[in-house]
Amino acid sequence: MSRSAHPAGPRHADVLPEGRSAASTAPADDLNALDPKVWAHTVARDADGVVTVGGLPVTELAEEYGTPAYVLDEADFRDRARAWRTAFGADADVFYAGKAFLSRAVVRWLDEEGLNLDVCSGGELATALAAGMSAERIAFHGNNKSPEEIERAVRAGVGRIVLDSFQEIVRVAHIAQTLGKRQRVQIRITVGVEAHTHEFIATAHEDQKFGIPLAGGQAAEAVRRALQLDGLEVIGIHSHIGSQIFDMSGFEVAAHRVVGLLKDIRDEHGVELPEIDLGGGLGIAYTSDDDPREPHEIAKALTEIVTRECEAARLATPRISVEPGRAIVGPTAFTLYEVGTVKPLDGLRTYVSVDGGMSDNIRTALYDAEYSVALVSRASDAEPMLVRVVGKHCESGDIVVKDAFLPGDLAPGDLIAVPATGAYCRSMASNYNHALRPPVVSVRDGEARVIVRRETEEDLLRLDVG
Ligand SMILES: *Cc1c(COP(=O)(O)O)cnc(C)c1O
């Protein structure tokens, strides 16, 4: 269900979620303008009208690295990581959610900026360790970690494993004990909060695969069992309420319920668990209609909520951790495409086909996600035209940007860019139609560097063993 409005008129009568000012039903005044809310920090248009990032013109990047390509602004990434770190201060931890986008370069940047890291598979763990991230700063997540993955994480010495089911409590305890270790764990609970977001990406209502419901005393029972097992050191409770959230009230309710559980645990077992994790899910601006909060506002709000709830429950305030993924990497990258065909459909809109599509950005097809788009290889004063940016895949749902305006003189060979594709685009990319997944090119201070190279047909054929 889309919460936005259609340029031709609102499709849904539903109330816009908080954080959305108004729906754009008209083109922006100046299609050449680049809204700093949706573009990476160093993105600008030079005197010739060409968009630059990190001081490099996109035309040069396209020539050197080809299209489609994800272009990531390293300075922006570091700024955002640091802003989160600074906002939460020394008494809290920021875990970057690696599933949003992970590569060894990114792990090193995070390490240098003092962030910790969430992983949720053996592959993500391997990437983090290969980049030299210290295992104590890694948290291991997932609703179905295999025994092999658990063993690897315990052996590596990860700082915490987030337990997601009764069976996993026993499984992790057994593996840790067999290895002669005591594993630090948090227990992931669902607090019955549904954040304001798309149905399929909300994760804290109870009818879902993640976490152990607080309802019916199940979470309390999980803690009871975990506390009895020698292989486990229970350090806290974890709650993640959803994705692309703008409204802090969901966190408020979640914190209230998590602290309520901590109080029950204290009353029953005489232990005050030292940590709570409130998850990630903080929203970013995909279009000019989105108004995300700054990390310092989020930190202040979350810290106040937890402190207040703990005071009311007469508990010492636990150490807080958060897990932003999208909010750090999302805005730092854009996808650079070359326009292939431009097909006007009378009375409807113009379909602009690019050289990528749902294989490099599945979010529009999967979640009805909203994106914006701009002509970046030149400026144009032509009249705006209503477009739909589509890919080259054999699927009519292969849409990258559902509704947007681009200059009416758009032509094959022009470069267009879709901002805010740093999160969940490369990490969810596929080889549909045997597409070659695009590279990630990071730029900084006038220099570009490939951090994930483009796939080749050789890569594809290597897996096809005949
Ligand atoms: C996906 C996920 C996150 C990160 O979510 P974002 O929307 O990228 O901030 C954090 N914690 C957990 C447990 C997750 O599953």
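Both counts, for ligands and for their atoms, begin at 1 and track the order of listing. Positions are given from 1, in the same order as the sequence printed here. All values below come from the heavy atoms of this structure, side chains included, with hydrogens, waters and symmetry mates left out.
- Of all atoms in ligand 1, numbered sequentially from 1 with element shown, those under 4.0 Å from a heavy atom of Gly280 are 9 (O), 10 (C), 11 (N).
- Here the closest non-hydrogen pair linking His41 and Asp76 is ND1-OD1, 2.8 Å.
- The atoms of ligand 1 that sit less than 4.0 Å from any heavy atom of His141 are 13 (C).
- At a 3.5 angstrom cut-off on N or O pairs, Pro324 does not count as close to ligand 1.
- When all heavy atoms of Gly325 and Ala97 are compared, the pair lying nearest together is CA-CB, 3.8 Å.
- Not one N or O of Ala327 is nearer than 3.5 Å to an N or O of ligand 1, by distance alone.
- Residue Lys99 places at least one N or O, backbone or side chain, under 3.5 Å from an N or O of ligand 1.
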**OP:** List the steps, then state whether side chain to side chain donor-acceptor pair (under 3.5 Å) holds for Asn431 with Glu455.
**Re:** CA-CA 10 Å; Asn431 291 119; Glu455 265 176 340; 2.7 Å; yes

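- Of all atoms in ligand 1, numbered sequentially from 1 with element shown, those under 4.0 Å from a heavy atom of His238 are 13 (C).
- Checked against a 3.5 angstrom limit, the closest N/O atoms of Glu323 and ligand 1 fall inside it.
- Under the 4.0 angstrom criterion for non-hydrogen atoms, Ser243 is in contact with ligand 1.
- For ligand 1, the polar-atom distance check against Arg188 finds no nitrogen or oxygen pair separated by under 3.5 Å.
- In this structure, Arg182 contributes its side chain and Asp230 its backbone to a donor-acceptor pair below 3.5 Å.
- No hydrogens or angles considered: nothing links the side chains of Tyr70 and Asp360 as a donor-acceptor pair under 3.5 Å.
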**OP:** List the steps and the verdict of ring pair (Phe, Tyr, Trp, His ring centres under 6.0 Å) for His141 and His240.
**Re:** CA-CA 11 Å; His141 276 274; His240 171 72; 8.0 Å; no

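- Both cation-pi conditions hold for Arg160 and Phe95: the charged atom is under 6.0 angstrom from the six-membered ring centre and inside a 45 degree cone around its axis.
- Annotation: atom 9 (O) of ligand 1 to nearest protein heavy atom, Gly281 N, 2.8 Å.
- With a heavy-atom cut-off of 4.0 Å, Arg326 touches ligand 1 through backbone and side chain alike.
- Looking at Glu275 and Gln186, their side chains do bring a donor and an acceptor atom within 3.5 Å of each other.
- By the 3.5 Å distance cut-off applied to N or O atoms, Tyr424 is counted among the residues near ligand 1.
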